[in-house]
Amino acid sequence: MNKKLWSGRFDKATSPEVERFTASITFDTRLCKHDVRGSLAHVEMLAKVGLISHAELKRIRSGLKEIRDEIRSGKFKPGARYEDIHMAVEARLKQIIGAAADKLHTGRSRNDQVALDMRLFLREEIENIRTRIEQLQRNMVKVAWTNRKLVIPGFTHLQHGQPVLLAHHLLAYVEMLSRDSSRLEDCLKRVDIMPLGAGALAGSGLPLDRKYVAKLLGFTRVAVNSIDAVSDRDFAMEFLSSAAIIGVHLSRMAEELVVWHSREFSFVEIDLSYCTGSSFMPQKANPDVAELVRAKSGRLFGSLVTLLTVMKALPLAYNRDMQEDKEALFDAVDTLESCLTIMAGLWRKIRFQPASVREAMGGDFSQATDLAEYLVAKGCPFREAHRVTGKLVANCLRKKKKFEDLKIEELRSFSPLFDRGAMGILSHARGVERKKTSGSTAPTEVMRSLKAWKKKLGAGNA
Ligand code: ARG
């Protein structure tokens, strides 16, 4: 390893083993563009307050911009010679511009620098993830719109409960995803805080203009307490908890796709371009994408637990433990981005199978609640209506009959309140249409919501 920026008080070399163990360069290189961006703002400020001359600023700025170009063109590869990305950038700057580089770190510690880099990184990625969430929502809304008339069994305990519109079911996911997005938006408020000026922990004796740096970097606020500024990783924990919840949501969606794609259900056909085959069983078209998304929620939970555990019981202020925040955060960002993107692709090409859905619903008695409600509307107490309808189901099961086959006389033998109108309820679709409450699966309600989402997401007509 090259000469260390902190070697002044050391009279012996670091053990290579320690260098390898303590280095973060193998993973924090990912922060390089943010590190350079932060440094560019920092030196502008140093010049503004007179801590460096205009000539020095020009040199440092041009050197940093050169590094930025090297990063963009993929030429910047600091390798394992440096402890971390902050030192690697500074060393590269010195190679390019010479002595002026020694002023870059004025009034700054790697403790506030790394906090800044992490915030810049996350700010960008949160926007990215929110865009992908929206794309997934948009594709689901399109499927809902295309199949807007399709009635499916609504499930509880994975048993047919009551008929619902498929669109209603899909819009439940769209709602979940919109909460995910708004959680991230909220998290962004606490990411959006500029820590520089905190130094190692106590602030600086130099007349740094923190607000100016915040303005240059587009931050809304400046960290209020210098100790908190370098110790705080709440913003990352918050992000990871939001990511874990998104993982839960995607895993539920993925599980349903696996089940719905099965031969037993056959509610959907996942496009073959989103399935994989078996090297042994020639007939297979497996829902591996959904299975992997289901599994990757585990990685997201793992990242959250990693960071919670790293931060738990850490005394103030910065501790090297905090270097362990990065891989968990990076992995969560990558996992989320890939899962959201692949799911959006899967939904773009999915096809529903109305015939299989109809077949599955035949004789499922999922109209029972609607029949009971019909009696209630005629003045029957709900408990009584529930009992009567339950008996009707039991009778049908005994006689191997479906609700759909019942005649009016048979209905009336269970309750005189059943009349012609009750016959209509025996169709699954009628039960859906009868719903009156806001937020229900009633077609008018679902269409209202569907149209609102289409407008919001720009999901077009098909
Ligand atoms: N690589 C370190 C990290 O990621 C940067 C800050 C190190 N500060 C220190 N005093 N060793 O947290």
Side-chain angles (χ1 to χ4, degrees), residues 1-10 13-39 41-42 67 71 76-93 104-125 191 193-204 213 223 226-237 239-240 303 306-334:
M1 202 167 271
N2 65 319
K3 191 160 160 29
K4 309 224 161 19
L5 294 170
W6 41 256
S7 61
R9 70 93 68 217
F10 284 77
T14 321
S15 148
E17 185 181 33
V18 170
E19 286 185 336
R20 276 196 303 277
F21 187 73
T22 57
S24 53
I25 188 76
T26 51
F27 48 86
D28 68 11
T29 301
R30 180 158 182 178
L31 296 171
C32 60
K33 77 168 185 189
H34 305 291
D35 198 75
V36 170
R37 187 170 175 210
S39 287
H42 181 64
I67 300 175
I71 292 170
F76 181 74
K77 290 204 178 69
R81 277 175 304 147
Y82 303 99
E83 184 180 318
D84 59 28
I85 186 59
H86 324 296
M87 288 177 158
V89 168
E90 194 174 325
R92 179 73 190 116
L93 185 66
L104 170 67
H105 212 48
T106 308
R108 191 176 67 175
S109 152
R110 281 181 296 154
N111 298 353
D112 56 354
Q113 188 178 0
V114 74
L116 175 71
D117 292 5
M118 293 288 277
R119 287 172 182 277
L120 288 169
F121 166 79
L122 208 48
R123 195 171 69 177
E124 189 174 289
E125 296 300 343
V191 171
I193 294 170
M194 206 293 295
L196 286 194
L201 80 161
S204 173
V213 176
S226 66
I227 294 176
D228 186 42
V230 293
S231 314
D232 173 27
R233 291 293 180 276
D234 293 1
F235 63 96
M237 288 187 267
F239 169 78
L240 289 174
S303 293
T306 298
L307 189 59
L308 291 173
T309 313
V310 164
M311 296 307 295
K312 176 192 164 292
L314 275 192
L316 299 179
Y318 178 84
N319 299 271
R320 191 61 173 268
D321 310 51
M322 289 159 75
Q323 178 168 292
E324 288 289 311
D325 60 354
K326 287 171 200 58
E327 285 163 294
L329 190 69
F330 296 162
D331 190 72
V333 163
D334 293 340

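Here the structure is a predicted model, which means the values were calculated and not measured. First listed ligand is number 1; within each ligand, the first listed atom is number 1.
In this view, Ala202 satisfies the side chain to side chain contact (heavy atoms under 4.5 Å, CB included) rule with no residue, not counting sequence neighbours. With sequence neighbours left out, the side chain to side chain contact (heavy atoms under 4.5 Å, CB included) criterion links Arg9 to no other residue. Applying the side chain to side chain contact (heavy atoms under 4.5 Å, CB included) test to Leu120 and every residue at least two apart in sequence or in another chain returns His34, Arg37, Leu116, Arg123, Phe219.
A salt bridge does not link Arg30 with Glu124: none of the charged nitrogens is closer than 4.0 Å to a carboxylate oxygen.
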(request) Decide salt bridge (charged side-chain N to carboxylate O under 4.0 Å, His left out) for Asp325 and Arg233; before the verdict, give the C-alpha distance in whole Å, the side-chain angles of both, and the deciding distance to 0.1 Å. (result) CA-CA 8 Å; Asp325 60 354; Arg233 291 293 180 276; 2.8 Å; yes
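For ligand 1, the protein residues within 4.0 angstrom (heavy atoms only) are Ser24, Asp84, His86, Arg110, Asn111, Val114, Tyr318, Arg320, Gln323, Lys326.
Side-chain N/O atoms of Ser39 and Arg108 include a donor and acceptor closer than 3.5 Å.
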